[in-house]
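Everything numeric in this text was worked out from a predicted model, so none of it was measured. Here is the naming used below: chain letters follow the sequence lines, and residue numbers restart at 1 for every chain.
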Amino acid sequence: MSVRVRYAPSPTGLQHIGGVRTALFNYFFARSQGGTFILRVEDTDRERYDERALQDIYDTFAWLGISWDEGPGVDGPHAPYFQSQRLELYQGYARQLVEQGNAYYAYDTPEELAAMREEQGEKGAGYDRRGRNYTAEQIADYQSRGVVPVIRFKGLLEGETVFEDLILGRVKKKNKDITPDPVLLKSDGFPTYHLANVVDDHHMQITHILRAQEWIPSAPLHVQLYRAFGWEPPAFCHLPMVMGKDGQKLSKRHGSTSVIEFRNQGYLPEALINYVSLLGWAYDDKREFFTVGELEQLFDPQKINKAPAVFDYKKLEWFNGNYIRQKSDEELEALVTPILQSAGVVSTPITDNEAAILHGASPLVRERMKYLTEAADIVRFLFTDDLPYQMDELIPKNLSAAQTVQLLELGRELVGGFASRSDEENEERFRLAAEERDLKLGSLLMPLRMAVTASRVSPPLFGSMRLLGETRVLKRIDTVLQLLRTEGGK
RNA sequence: GUCUCCUUCGUCUAGUGGUUAGGACACCGGGUUUUCAUCCCGGCAACGGGGGUUCAAUUCCCCCAGGAGAUGCCA
């Protein structure tokens, strides 16, 4: 039987790293097996439903470049793929369970349940199954008060439920330890996750459930549901969780765990995918760079770890820098242009002149970026003459204003006609001049760098000047000389 | 509280009944360099503890500790 797996997000919040890791593992598993990857939207919680969260699911996967074989926008044999559009199905099965004696209507009010929990205190034993024994009179009373019942599963009280997990092996749980009589169908007619996922996974012929380990405790319940329906459960594969630095489940306070936020911060999707794929999974002991295409071939769930993994921004950053360096000039420019535009560094649309400068800058900045967003600060000086000179920065440490002026004047002289010489020739010219005066090349270049780029840190100077042209370069030098002579003279 | 899962360098991991326990990130040091970055070289650093099984355990078993997750008319 061909593999069919699904990623089943709930549109109640933004897609985060953990969810996307689950989606990716499902996707890669399906691809590696020549199977089918399904996206199913579990929108059964109308309290927390958020349309923006649904859009975020689409945006996230579009950015990552991951698509599904069946799901929203891709009709398949088991449509619709929104659970809110499949209510009759769940309701029918819930009723069937009641008729079979595997479930029952429970009439408790929210207040009563709250009171029950209050009484239980810290212990949190869960529902006390009181609804199983309500008398006809009690039920009639509830009904007369307009209380709408839920349908609860009549869980086994004795024995144990066992299931095989691809990663964990055999997992056992005593039936009495399973959440007591969980709600299957809410009073609003919507199913809970437990019912909906079992019904849909069966109907959509899902062969493997790859989901986070937080589901382990309810897996035996799901197995009991499959049995009650007389269905064969799919294979289970519970993925280790992704934690934050503090060892806690990854959440908002750990930074940008919303995937779209990674995009906004200048990460490349291929870097994120590569890194996230290595959270709880490794191909071997030497290889860690993988394209999506390679992961589609090489992913093997047998190699998934049991232990949770800590999300390390430093390593992601390293991957990101690597992937940026792999970009061609053209690719990098396309990636960076919108960022420069929203930073106001270049026009919208970008002018030919700006594009030309950017093109020349690509090779100079590529090695210097860990995030695409850094481009704005690195290249800004190439696009504006209005530079934020700071006097204390202009004068190198251990030098006076007067000495700086001298060095800059010398630099100005040496710069003359630089465009007609190669970078190597220019460097040699400066090096000779520096040696004559017993200076280091760097010391001679620093005042010039400050004048041209307004920063102690910049792309290579000669290349940068070439992009600016001699006129602008000389003008900047003169501006700074002026500043140093007046301000610095005090 | 109860139940479940987990445990190799700080982090991600490889690994085997007998290895100098390997790699990567981070960190530290050095080199190249025009600043920064890249790049190169080197270094630091781990089998949670206790019992077994065995000629031999990081590896197999048990216990403990620690960590995490679940315990909803959320998923």
Side-chain angles (χ1 to χ4, degrees), chain A residues 8-13 19 42-45 47-48 106 108 110 113 117 120-127 148-152 165 167-168 171-174 176-180 182-188 190-194 196-197 211-220 238 240-241 243 245 247-249 275 278-289 303 305-319 321-322 325 365-370 378 423 426-427 430-431 434 440-446 448-450 453 455-463:
Chain A
S10 162
T12 52
E42 308 222 326
D43 54 350
T44 54
D45 183 346
E47 298 276 312
R48 297 195 305 153
D108 313 284
L113 292 175
R117 290 201 186 86
Q120 287 174 172
E122 292 293 296
K123 279 178 298 223
Y127 186 61
V148 182
V150 298
I151 291 180
R152 284 184 182 271
D165 187 282
I167 297 173
L168 304 174
V171 179
K172 294 181 191 175
K173 185 142 177 161
K174 292 188 186 68
K176 68 178 173 61
D177 292 328
I178 295 175
T179 311
V183 171
L184 261 22
L185 198 71
K186 305 180 227 180
S187 55
D188 63 4
F190 280 65
T192 59
Y193 172 82
H194 303 302
N197 106 83
R211 67 195 350 171
Q213 283 186 358
E214 59 188 332
W215 291 107
I216 294 174
S218 49
H238 287 96
M241 314 255 297
M243 310 299 212
K245 272 252 183 298
Q248 307 280 115
K249 198 171 152 182
Y275 175 66
L278 263 16
L279 249 23
W281 182 82
Y283 179 66
D284 61 17
D285 62 337
K286 40 185 70 90
R287 181 149 175 217
E288 53 184 358
F289 278 96
K303 294 180 171 178
N305 276 315
K306 295 177 177 180
V310 173
F311 191 87
D312 182 0
Y313 282 89
K314 283 288 190 186
K315 186 137 190 183
L316 206 213
E317 178 181 287
W318 176 75
F319 268 111
N322 272 281
R325 270 171 253 136
V365 303
R366 186 190 287 102
E367 309 275 289
R368 272 155 258 265
M369 282 196 285
K370 285 196 169 67
I378 298 179
D423 289 352
N426 279 313
E427 180 173 335
F430 274 77
R431 191 182 298 282
K440 278 196 267 184
L441 178 58
S443 326
L444 178 53
L445 249 24
M446 186 49 83
L448 195 55
R449 181 187 310 283
M450 280 305 310
T453 72
S455 171
R456 302 177 55 83
V457 176
S458 82
L461 234 202
F462 299 126

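- Among the nucleotides B:rC3, B:rG69, B:rG22, the one closest to any side-chain atom of A:Met241 is B:rG69.
- With a 3.5 Å ceiling on both atom-pair distances, the Watson-Crick or G-U wobble partner of B:rC39 is B:rG31.
- B:rA70 sits 14 Å from B:rA75 when the P atoms are compared, rounded to a whole Å.
- Nucleic acid contact class of A:Phe311 (heavy atoms, under 4.0 Å, all strands): none.
- If you take CD of A:Glu317 and P of B:rA37, they are 12 Å apart, rounded to a whole angstrom.
- Computed from coordinates, the A:Lys314 NZ to B:rC25 C1' distance equals 10 Å when rounded to whole Å.
- Counting to the nearest Å, the C1' atom of B:rU35 and the NZ atom of A:Lys440 are 12 Å from each other.
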Look for any protein N or O under 3.5 Å of an N or O in nucleotides 72-75 of chain B and output each such pair with its distance, or none.
{"residue": "B:rC73", "atom": "OP1", "partner": "A:Arg117", "partner atom": "NH2", "Å": "3.1"}
{"residue": "B:rC73", "atom": "OP2", "partner": "A:Arg117", "partner atom": "NH2", "Å": "3.4"}
{"residue": "B:rC73", "atom": "OP2", "partner": "A:Arg152", "partner atom": "NH2", "Å": "3.4"}
{"residue": "B:rC73", "atom": "O2", "partner": "A:Ser187", "partner atom": "N", "Å": "2.8"}
{"residue": "B:rC73", "atom": "O2", "partner": "A:Ser187", "partner atom": "OG", "Å": "2.8"}
{"residue": "B:rC73", "atom": "N3", "partner": "A:Ser187", "partner atom": "OG", "Å": "3.1"}
{"residue": "B:rC73", "atom": "N4", "partner": "A:Asp108", "partner atom": "O", "Å": "2.9"}
{"residue": "B:rC74", "atom": "OP2", "partner": "A:Lys186", "partner atom": "NZ", "Å": "2.7"}
{"residue": "B:rC74", "atom": "O2'", "partner": "A:Asp45", "partner atom": "OD2", "Å": "2.8"}
{"residue": "B:rC74", "atom": "O2'", "partner": "A:Arg48", "partner atom": "NH2", "Å": "2.8"}
{"residue": "B:rC74", "atom": "O2", "partner": "A:Arg48", "partner atom": "NH2", "Å": "3.1"}
{"residue": "B:rA75", "atom": "OP1", "partner": "A:Thr44", "partner atom": "OG1", "Å": "2.8"}
{"residue": "B:rA75", "atom": "OP1", "partner": "A:Lys186", "partner atom": "NZ", "Å": "2.8"}
{"residue": "B:rA75", "atom": "OP2", "partner": "A:Tyr193", "partner atom": "N", "Å": "3.1"}
{"residue": "B:rA75", "atom": "O3'", "partner": "A:Glu42", "partner atom": "OE1", "Å": "3.0"}

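- Remark: side-chain polar atoms of A:Lys186 are paired, donor with acceptor, to backbone N or O of A:Thr44 under 3.5 angstrom.
- Under the Watson-Crick and G-U wobble criteria, each requiring two contacts below 3.5 Å, nucleotide B:rU58 is left unpaired.
- For the C1' atom pair drawn from B:rG15 and B:rC5, the interatomic distance equals 23 Å after rounding to whole Å.
- Using the Watson-Crick or G-U wobble rule with both distances under 3.5 Å, B:rU2 pairs with B:rA70.
- With hydrogens and angles ignored, no donor-acceptor pair under 3.5 angstrom links the side chain of A:Arg325 to the base of B:rU38.
- Atom NZ in A:Lys174 sits roughly 11 Å away from atom C1' in B:rU4 (whole-Å rounding).
- Atom pair A:Gln213:CD and B:rG67:P shows a separation of 18 Å (rounding to whole Å applied).
- The nearest whole Å value for the distance from the NE2 atom in A:His238 to the P atom in B:rC5 is 12 Å.
- When the P atom is compared between B:rC9 and B:rG49, the two are found 11 Å apart, to the nearest whole Å.
- When side chains are defined from C-beta on, A:Arg449 does not count as touching A:Arg456, because their heavy atoms never get closer than 4.5 Å.
- A:Asn305 has its CG atom 10 Å from the P atom of B:rC12, to the nearest Å.
- Spacing between B:rG1 and B:rG51 at atom C1', rounded to whole Å, works out to 29 Å.
- Rounded to an integer number of Å, the gap from CG of A:Leu279 to C1' of B:rA68 is 15 Å.
- Residue A:Lys173 places none of its side-chain N or O atoms closer than 4.0 Å to OP1 or OP2 of B:rU4.
- With RNA chain B read from its 5' end, the first of the two nearest nucleotides for A:Leu461 and A:Leu278 is the one closest to A:Leu278.
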